[in-house]
There are 2 protein chains.
Amino acid sequence: MQESATRRRASTRERLLDAAREVLADTGIQGATVEQICERAGYTRGAFYSNYASKDDLILDLFMREKDRMLIALRSAVEDKLEGGDIGSIAHVLDRFVTSQPTDRTWFLVHQEFVTHAVRQHRIADVYAELWEQTHREFGDVIDAACQALGRRLTIDLRDATRLLIAIFDATLRDAFLGSDADEADLTAMREQIPTLLLALSEPAER
Amino acid sequence: MQESATRRRASTRERLLDAAREVLADTGIQGATVEQICERAGYTRGAFYSNYASKDDLILDLFMREKDRMLIALRSAVEDKLEGGDIGSIAHVLDRFVTSQPTDRTWFLVHQEFVTHAVRQHRIADVYAELWEQTHREFGDVIDAACQALGRRLTIDLRDATRLLIAIFDATLRDAFLGSDADEADLTAMREQIPTLLLALSEPAER
DNA sequence: CACCGTCGATACATTGACGTATCGAATACA
DNA sequence: TGTATTCGATACGTCAATGTATCGACGGTG
């Protein structure tokens, strides 16, 4: 059977992708060399070229894996938050949702590269577009549900509200890592702002 | 005199920086080669090494020039808008201010590189910090003045409001360039949102 | 247990980017 | 106009990264 062979193959690919993620955060896509990636993964370049045709090939694979992982995490976070039924304050819902997102330096840098690369290359842009659309949908659902649970209705378009919150989230991460060399972003300020903002942008729902 | 000599020198540096800006937008900091930059500037590598010790050296110079240019443009835009005395609606003030900022693809990509680089390298981070702080101050002044002129008072911290608007601005650019390969970002949606947002986040000032 | 195929390591040739050293030309100054 | 200096071009050596080709080892299979 080729099962075991391909399983081994899948395993080394995982290790290569994990290593690529780290190296990429350190030195950027262009700065990362195949050798660095292999070294960190515990392989030599032979293993690499046995699995990927080029660095670009691996990058694309990494992007797709990142996208899938993010969406899975996002979706499970949404389900955790929404299906509990026991929704507390609007602060709690969004707060726990937001803090369930990865906020570490490596993640930020990888996705920063992701965006930049996507703006330049159309092949990547397609992958990103799907991630983007799904993220919007899931995030929008949470906001929507939170408002309903609190008996409020947005005074602006749900889509705009979603974009707004995502924008705040991204800017907060960026500012955090620009301002300090901590490994985790400090989100306390944002966690206070978001509920305030949502209250300001909604009104009691007529019933 | 050495005046003319240094003037010539300054001129080639300008051309090198202009070229670097474009190449950098195309291929990123790491991807850009000294040769590419020189070629686009109409020089050979000899001219480069006569002016800069390394690519990093030039990058730092470019960042400082970009920073200075941005702040000058920002400041003159603020003066234009505020000293007219004839402030129309809140939409007009912020609208004209926001649209006075550069919103082209090259600009976006260069500053995307800028941020990513600053997160990784502390020397760059210092330059960025100054840009960031000044931008905040200028932008905050505009918001403040706009509110006063309209007889409204923010219900949230001015600093938070500023961060909010900048976050929207940045996210709008990013989304625009991710979504299409246009050379100029479409800002119409944002230009409608911002006044709405500011109204929602302020109340009539007691007088 | 022996065979076969896959996977990863090693060695090699090639490319291209870098930085230096040297040369020629343009420009300033007497 | 002659001379000195500065700036940019050319040519070179060096080094690092790439991709390929080959070899050995390990694992599945009859």
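Letters A, B, ... mirror the listed sequences (proteins, then strands); counts begin at 1.
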Between His136(B) and Phe139(B), does the ring centroid distance fall short of 6.0 Å?
no

Interface residues of residues 48-56 of chain B with DNA chain D (non-hydrogen, below 4.0 angstrom):
Ser50(B), Asn51(B)

Got a donor-acceptor contact below 3.5 angstrom from the Arg15(A) side chain to the Arg40(A) backbone?
no

What nucleotide, of dG8(C), dG8(D), dA9(D), holds the atom closest to the side chain of Thr12(A)?
dG8(C)

How many Å lie between CD on Glu39(A) and P on dG8(C), as a whole number?
17 Å

Between Asp186(A) and Thr188(A), is any side-chain donor less than 3.5 angstrom from a side-chain acceptor?
yes

Determine whether any donor atom in the side chain of Arg45(B) lies under 3.5 Å from an acceptor atom in the base of dG8(D), or the reverse, and answer yes or no.
no

Quick one: Leu16(A) CG to dC7(C) P, roughly how many Å, whole number?
13 Å

So, Glu113(B) and Thr116(A): side-chain donor and acceptor under 3.5 Å apart, yes or no?
no

If the condition is side chain to side chain contact (heavy atoms under 4.5 Å, CB included), which residues does Thr106(B) pass it with, not counting sequence neighbours?
Arg21(B), Ala25(B), Asp104(B), Val110(B)

Using modelled atom types and a 3.5 Å cut-off, is there a donor and acceptor pairing between side-chain atoms of Lys55(A) and backbone atoms of Ile29(A)?
yes

Could you verify whether a donor N or O on one side chain and an acceptor N or O on the other, from Gln112(A) and Arg174(A), lie under 3.5 Å apart?
no

CG on Leu197(B) to OG on Ser202(B), rounded to 0.5 Å:
9.5 Å

Grab the CG-C1' distance between Asp57(A) and dG19(D) for me, whole Å please.
14 Å

Any residue in residues 24-38 of chain A with a heavy atom nearer than 4.0 angstrom to DNA chain D? Just list them by number, or reply none.
Thr33(A), Val34(A), Glu35(A)

Nucleotide N/O to protein N/O under 3.5 Å, stretch nucleotides 3-5 of chain C:
none

Please check this pair: side chain of Glu39(A) against backbone of Arg45(A), looking for a donor-acceptor N/O pair closer than 3.5 Å.
no

Just list the side-chain donor-acceptor pairs under 3.5 Å for residues 156-169 of chain B, sequence neighbours left out, or say none.
residue: Asp160(B); atom: OD1; partner: Gln193(A); partner atom: NE2; Å: 3.0
residue: Thr162(B); atom: OG1; partner: Leu158(B); partner atom: O; Å: 2.8
residue: Arg163(B); atom: NH1; partner: Asp175(A); partner atom: OD2; Å: 3.4

Strictly by ring pair (Phe, Tyr, Trp, His ring centres under 6.0 Å), give each pair with a member in residues 30-57 of chain B just once, sequence neighbours left out.
Phe48(B)-Tyr52(B)

